Every structure is written in structure tokens, then in C-alpha cells.
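All heavy atoms count here, side chains included; hydrogens, waters and symmetry mates do not. Each chain gets a letter, A, B and so on, in the order its sequence line appears, and its residues count up from 1. These numbers were taken from a predicted model, which means no experiment stands behind them.
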Amino acid sequence: MYAKVIVDVPAKQTNRAFDYEIPAALRKWVEVGSRVGVPFGPRVLQGFVVELLEETQMDTKRVKPIQSVLDLVPPLTEELVGLGRWLSRMYLCHEVTALQAMLPAALKAKYERAISLGDESGEQSLLDLPDLQEIVAFVRAKGTVPMETLMERFENDGSLIKQLLSSGILMEAQMVKDRMTAKKALTVFPPADGRSLEEAVGMLPARANKQQDVLRYLIEHPHAIRLTELMEAVQVGAGTVKSLADRGWIELREVEVMRDPYAGRSFARTKPLPLTEEQSSVFGEIRSAVAERRHEVFLLHGVTGSGKTEVYLQSIQECLDQGREAIVLVPEISLTPQMVERFKGRFGDLVAVLHSRLSNGERYDEWRKITRKQVKVVIGARSAIFAPFTQIGLIIIDEEHESSYKQEESPKYHARDVSVERAKQHNAAVVLGSATPSLESIQKTMRTGNGEKPPYRLLTMKERVAGRPLPTVSIVDMREELKNGNRSMFSKSLYKAIEERLQKKEQTVLLLNRRGYATFVMCRTCGFVSTCPHCDISLTYHQSSRMLRCHYCGYAEREVKQCPNCSSEHIRHFGTGTQRVEEELGKLFPGIRVIRMDVDTTTEKGSHEKWLTMFRDKQADVLLGTQMVAKGLDFPDVTLVGVIAADTVLNLPDFRSAERTFQLLTQVAGRAGRHEKLGEVFVQTYTPEHYSVQCASRHDYMAFARHELDIRANLDYPPYHRLILITFSHEEVPLLVRSAEAFVTRLKELAQEQMNRPVDLFSNMEPSSESFSMDVLGPVASPISRIKDRYRFQCVVKYRGEAQASELVGRTAQWFEERSAKEKLQISVDVDPQFLM
DNA sequence: AGCACGCCGACT
DNA sequence: GTCGGCGTGCTC
């Protein structure tokens, strides 16, 4: 038997399967998906088996044998191995990178070089050197010594050791090890027949009280027990138990244990709640797809507080009743203990939780519960989409519009797209839930001109549970405030509203809408922001050159001192900090208790949780923060939400800025008045007439979506066209520019070849035409123009039609890497980027 | 990614 | 004449 193995070297030249022989002894352990140690050149590497082969016409002389199998159960299923290939093609990464991404970090290979004594009959003359004698003596005493220890012990450049190795006096062996091992605990086993324990009590010396206690305890509780628990229960030391084991009365062994992050916490079991009419009609649709084992993608558009989670829970129950498994993805930020509690409460020990706050060991153990079939439901952040289940019936993606479902490192996958791909393989249903669905998803629920069935099905929940109304949203025009002489960051109405809550002892959430590094320039009198005449996005201010620049096409203009629109001189560079808001709050409302949540205050582990608990316990009047306060919070006493400046996201140089603004405003407004008390929302803005602000204030998602889709269609942006972002980096700009331009030229050449006809790539693409079309923008300097002393340039490929473009870009990238490898040029490709920066 | 092989400058 | 620079190519 032979195996095709992908080795752990993420490089162009090794991005293929290598053939290995499977030794007879390992035959029954090696399967597709096994992790193996294989000799590769002079070393031993970790690899993944992707195919099994019978003895065929292959060149058997050149194959080496697999050295070891690293897991008892293959960590990947055949389906996941196939998914790895799909990922590598779709997102243009090395296959091993894709496979690695599907495993917990604990299974990342660790390589160890061990030195042992070799053939001492070698060149004995070498041993005349005292230094060498010393080393050999050290190795002889130890048996095997890790290379690192030897290097440390004999401070040396390693040349002596190298000499000994090449002469054969010392030998080197390489091993593949796990970064993390299963945790072990000493466990006490009583002998199989209870009788001998009784016997033992009599045979012990009368004064061996403690040992007798232990035995009596074990007679009463005749099952295996952890040593630490036994010591606790009988109040004895480890020595007492050990001596019993030495006499052979009991057995003491190391047993693998699971680290349970939720150990000692009990979750109150909950029963399914009665569903509203809307909920049950939505549930009915999902249930029938699950029951019929039909692959279908549902987009569940439910307003904030409409009870989506209960629908998820009951749908999962249906899936479990079918004997199948379910995956639930949640944005990292909202994977709070409350969220976990709801799932553990309903499904108990059948749930595994995967999130980034777990230690590597904890995550590994949660993950092993899946491979061991101990759980049926996984709830987790992005990477939980790779849970190694074999019978998936349902995949749920909550808050599907969240950009955190896109991984920023290679493989730059989008969990939403991966979920659909996996669901197809399993004939499973997918539920994408959101109060503000992404335009990509909503567009997929719509009928296209050619009358085909749309790929996704839209389900809607318009009402909050228990008939609670959505909060009223007031738009505050900050230009008016300025005219009336209010230069503070709080409008009169927001100020009054906060004051009122302080008196009524109700709580306020304040959102400072700030993201990214890009600063934009705006007129404070009329709200005018300079935009690019070709791209319809706002220009970014570059401090160094004092220029306004477009990041998509490179257009630039001089910084303005006077507003081109109204001639006002109140031009401001935006980018306000939460600290400043906090200070001003303190001045306006002496004694106000504010909890500030931003990147500065939430880096520490568990701090995020701590602040929210404090706020819940009413130890503060105001929760002030960035985007993170907008998501999923549910506090009964919050009756006021204020958005300090809605425009900061709106004016980012990104075609998705209107979408992000609408989402953020809708989500944060959803935080108010979720319980008995009514909610009120104030949105401060310099562009009150903007449709994203207007639609959010009316809670009108569909109106927003229609308007925005129109704009996207006209400007050839997603979801009608797809994008690929290619970033080049190098220490020197001229070389970088030349290379990036060469790349673009080559890509266009290939595209023309492919289309087999001369194509004017820059002609307007007719949205109605059937064929593949493509446009390349740039190269231009990246918005972050230098990182770690490397300059960055980027270009954007816009295309429509099948995945040909990503294949073309892949081929161009390969060509590029071949010719520029030595120049230390780096290239990074992002298919369907979330941010063009 | 590593590592060996191989073809041209500055030294005993 | 040799030691060593890192360009090129391979790893089942």
C-alpha cells in the first residue's frame, strides 16, 4: 500500500502530494486524513495523507516509508481533506496551509532533533580532542540528548557536534512531536474483585490507619477515582496511596483526562419555549429541510430581539432527533458565557464550545470530544466551521453579516462560504441569521432576470417577541448644533436624554463609531467630504504629503483649507478617541460612572466579560465603547442608546462603508428597550440625509438593501461583481512598482488569452452580458503604505462570471513568484476581501 | 522551508 | 592553487 502525503512545507515547490510506502505494521492506522511523520529529504516532517493507493505502476524505487502515525484516530475526515483542496483553490493558498487551518493549534508539528551515540569505531582520532571527548561522554551518560540541550551545554557554533555527527560517532534522529499532549492524571483503580480489598484491610498493620481508611473508601466506592480526588475525600497524602499501590492492593495509572473549561458549572436545563407565529412558520421551513435531508440555504432576516436563538435551538433539536450533528457559528465577540449557557442549558454535555479565550489545551480537548463522537453540537467562532463531524444536518451562522467570519490570514476563507460548501457535501441545511443581512446574502435570495430559482431562501421575522416595540430613533443634525453654538460632542437632545436617565437610574449605552487608521477630512459646517470622482468613495488624508488620495484608483488632490461646497473654514480631520468622550462626560455630568470599553481596556483576558458584568450589576450609568458595545448585549435597564458620530465609518474609503454604518446603527439601536421599559436612540450625524442613517432610523432594512444594491450594481461592486485584492510588498518602491505593473500586465495577457479574443479590459462591463468579464484597478499604494519597513502596493481585480478569475490570478501569482523569488518580493492574494486596506 | 550542489572572487 | 560566497534546484 502507498499513500499520497502533503508535507508540512508551505512553499510553491512542495505544494503537491508526495508518495510514500505504508509499512505493514502501520497499515491499519493509516487512512485518508491521518497525520503522519515522513522522511523528506534529510529531515522528518509532519504530513497529511490525502489518498491511499494500491501497488500500481508508480515508481516504487524512489518512495520512502512512512515513519510514524501521529494520532490514534485521523484528525481529518475524508470530507475535510477534500475541503482542504477546495479551500486552497478557492482562496489561493498552499494545500497544507488549508489543512493546518482546520486543526487546533495543539496539533501543529513540533520538530525535535535528538542526538545519541553512534558508531564508536569511527574516526577515533577525533576523540583525541578533549572538547570532543567531553561531548561524547555527556551523550553516553544521557543516552539521548535533544540537539538544543547539547548546543546550550557546550557553547559552541555546533561545528564540533557537526564533526562528530559526520564521522558517525554521534547519530542524529529527528522526531515529529505534538505541540500539546493530552493531559494525564494519576488515577486509582481498585482491583476487579472487591473481596481482595476486604482482605487487604485485615492484612495491613493495625496502626496503618490512613491506609485502611483509603481501602474502606474504595470498598464503598468501587470505581476508578482520580488520585487528587481520593486524597481530598479521605484526607490522606499521596504517599499513603502510593504505598498501597506498591503493595499491589490497588492500581495506580496515568489516565488521559479532558480539561473542561466549564468544569464545576452546572447549566440549568431549559425546555423549548413556545414560539410566536412568525417564529414557528420560520421554524417549520427549516425543520422540513432538515427532516427531508435537503441541502438548502436559508437567510433568516429577523429584527433585533425577534427571538432568532430560540429558532436555532429548536432547529438543532430537530437535527439531533435525526441522529445528525449541528454546527453553530457566532462572532467571537458575542460568544459570551450567557450565549454558551443557552446552548449548554438545552443540550447539556452534547455541546462542545470552541473560542479563542480557551487555552490551546482546552481547545484541543473540546475538539477531541468531536472526534470521539462525544458531542453532537459545536458552538464556536469562525474556525469551528471545520469541526470534524461526519453527519452534519444543520449549520447555523448567527450575525452572518459580521466581517469577522472572514479570516485575515491565509487561508483567507469566509466561514459563510465554507459552510455552504460543507453543507452541500452533507445534504445539510444552512441558516444564515441576521437583523442586517449582508448584501451578498440578500442578493442571493432575489430572483435574477433570467428567472432561475435564487440560491438562498429568505425567511423573515418582523416582530420582537412579546410584542415589544422597536425603539424610536431620532437623528440629530450636528451641523445645526454647530450653528447654534454647541461645539461639544454631545448634542442638546442627547445631553438631556442622558441627564434624564441619570435621574431615573436607568442606563445608557454610548457608541463611538470609530474604526481603522484612515482619517478623513470633513467640513463641520455643511458635512462635505471630498470623494474620488472615479470611485465614489471618500478620499483619505495623508499626513506626510498633505494630500487627499483615493485608495482604489490612485487619484489625488491637494488638501483643502476651505470647503469647496460652502467655503467654510471649519475643516476637520476626523478620528476621535473614547478617552476624550469619557473626559467630556465627566465634565458635563460630575460623578457620572462610566465604563469604557475599547481596545485599550479589553485586551486583558476576561476583561470584556468583567466590564459587562459590572454594567449589568448597575455599577455604572454609562457603557461607552466602540463597535463591541453594539453586538448582542441585552441589559434590561438600558433605555437609551447614543451614537456620538455616525459618520466616521460612513466616510471610510471603502465601498462597504454605507453597509457597515447601517448595520452598526441598527445593531446598536437594538440594544435599547429590550425588556419592559421603552427604548430611545439618538444618532448624531453630519449627514442626516444619508440613506443608511435614514433607513436605520426607520428600521427599514429592505429599503436600505434595495438602495445600496442599486448603487453597487451601477458601480460594478459586489455582490454583482467579485473582487480579488492583490498586495505586493518590498523594501524598495521602484522595484515594487515595476513588479506590480508587470503582474498586472501579465494578468491582462492571460485574461485575453483565456477569453480567446482581444478584450478591452477597461471598457464598461455590461451587467446583462452573460460572459466572463474582468477589470484590473491599480496598482496603487496601499492605504497602509508601509508595514515593517516594507512598502505596499495593491491592485484590485473586479470580475464577473465563474471562478475563472481566481484561477487566472492564481496562475499569474505563480508566474510572479517564480520570476521574483530571489528579490524577496512578497505577494498576497485575498479573494472576496472584506476590507480593501 | 532547509539543504546540497556548483560555479566565480580574495586569500595562505 | 584553495576557502567560501550564495544562486539553483530538489525533496517521494
(message) Within the 3.5 Å criterion, strictly below it, is a donor on A/E325 or A/H426 matched to an acceptor on the partner's side chain?
(response) no
(request) Mind calculating the distance between CG (A/L53) and C1' (C/dC12) to the nearest angstrom? (result) 12 Å
(message) In whole Å, I'd like the distance from the CZ atom of A/F40 to the P atom of C/dC10.
(response) 12 Å
(message) Nearest to the A/V9 side chain among B/dA1, C/dC12, B/dC3, which nucleotide is it?
(response) B/dA1
(message) Can you measure A/L45 atom CG to C/dT11 atom P for me and round it to whole angstrom units?
(response) 14 Å
(request) Starting at atom CZ of A/R43, determine the distance to atom P of B/dA4, rounded to an integer number of angstrom. (result) 11 Å
(message) Without decimals, in angstroms, what is the distance between A/D19 CG and C/dT11 P?
(response) 12 Å
(message) Strictly distance-based, threshold 3.5 Å: is any side-chain N or O of A/E421 a donor or acceptor partner for the main-chain N or O of A/L83?
(response) no
(request) Provide, to the nearest angstrom, the distance between the CD atom belonging to A/Q67 and the C1' atom belonging to C/dT11. (result) 15 Å
(request) For A/F18 and C/dC10, give me the distance from atom CZ to atom C1', rounded to whole Å. (result) 9 Å
(request) Report the distance from atom NZ of A/K12 to atom C1' of C/dC10, rounded to the nearest whole Å. (result) 12 Å
(request) Please work out if A/E21 contacts a base, only the sugar-phosphate, or nothing of the nucleic acid, heavy-atom cut-off 4.0 Å. (result) nothing
(message) Side chains of A/S438 and A/R416 only: does a donor on one sit below 3.5 Å from an acceptor on the other?
(response) yes
(message) Going by side-chain hydrogen bond (donor to acceptor under 3.5 Å, both in side chains), A/D365 matches just one of A/R368, A/R363, A/K369. Which one?
(response) A/R368
(message) Side chain of A/Q13 only, heavy atoms from C-beta on: which candidate in B/dC3, C/dC10, C/dC12 is closest?
(response) C/dC10
